[in-house]
Amino acid sequence: MLKQVIEGMIDLGSVIEGATVIHHEQIVNSGNNPITILSTGASCGCTKPSIKTGVIMPGEILDLVINFNTTGKKGNNSKSCWVDTNSAD
């Protein structure tokens, strides 16, 4: 099971339009079996999550890096990202 460490929303605060904001989240395999990370995705092309693909062993911690390009984004913005794995959970 890949432990979900992002609960709710991440508030990046006030950002100048045109800047790229980089946010890091730790992802932990809290299960007893290895998990294969297949890919990452986002709800918009302005948001790019990245993580090491391949096998994550039980207890292993990886850094999920989320880049948000604010060019053309004014006002409040809400984006989603995800990590696809082979886990059934």
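As a basis for the values below, the full set of heavy atoms in this structure was taken, side chains included, without hydrogen atoms, waters or symmetry mates.
- With sequence neighbours excluded, the residues satisfying side-chain hydrogen bond (donor to acceptor under 3.5 Å, both in side chains) with Asn69 are Thr71.
- With sequence neighbours excluded, the residues that form a salt bridge (Lys or Arg N to Asp or Glu O under 4.0 Å) with Lys52 are Glu60.
- Here the shortest heavy-atom pairing between Thr47 and Ile66 reads CG2-CG2, 3.9 Å.
- The hydrophobic cluster of Trp82 has no other members, since no ILVMFWY side-chain heavy atom comes under 4.5 Å of it.
- With side-chain heavy atoms closer than 4.5 Å counting as contact, directly or through intermediates, the hydrophobic cluster containing Met57 also holds Val55.
- Between Glu25 and Cys81 the shortest side-chain heavy-atom distance does not fall below 4.5 Å.
- Nearest heavy-atom pair, Lys73 versus Glu17, reported as atom, atom and distance to 0.1 Å: O-CG, 3.5 Å.
- Taking every heavy atom of both residues into account, Lys79 and Cys46 meet most closely at CE-SG, 3.7 Å.
- Annotation: side-chain hydrogen bond (donor to acceptor under 3.5 Å, both in side chains) contacts of Asn86 (sequence neighbours excluded): none.
- Scanning both residues, Asp63 and Ile51, for their nearest heavy atoms gives O-CG1, 3.7 Å.
- To the nearest 0.5 Å, atoms OG1 (Thr85) and CD1 (Ile35) are separated by 5.5 Å.
- For the side-chain hydrogen bond (donor to acceptor under 3.5 Å, both in side chains) test, no residue two or more places apart in sequence or in another chain qualifies with Asn77.
- At least one side-chain heavy atom of Ile22 sits under 4.5 Å from a side-chain heavy atom of Val65.
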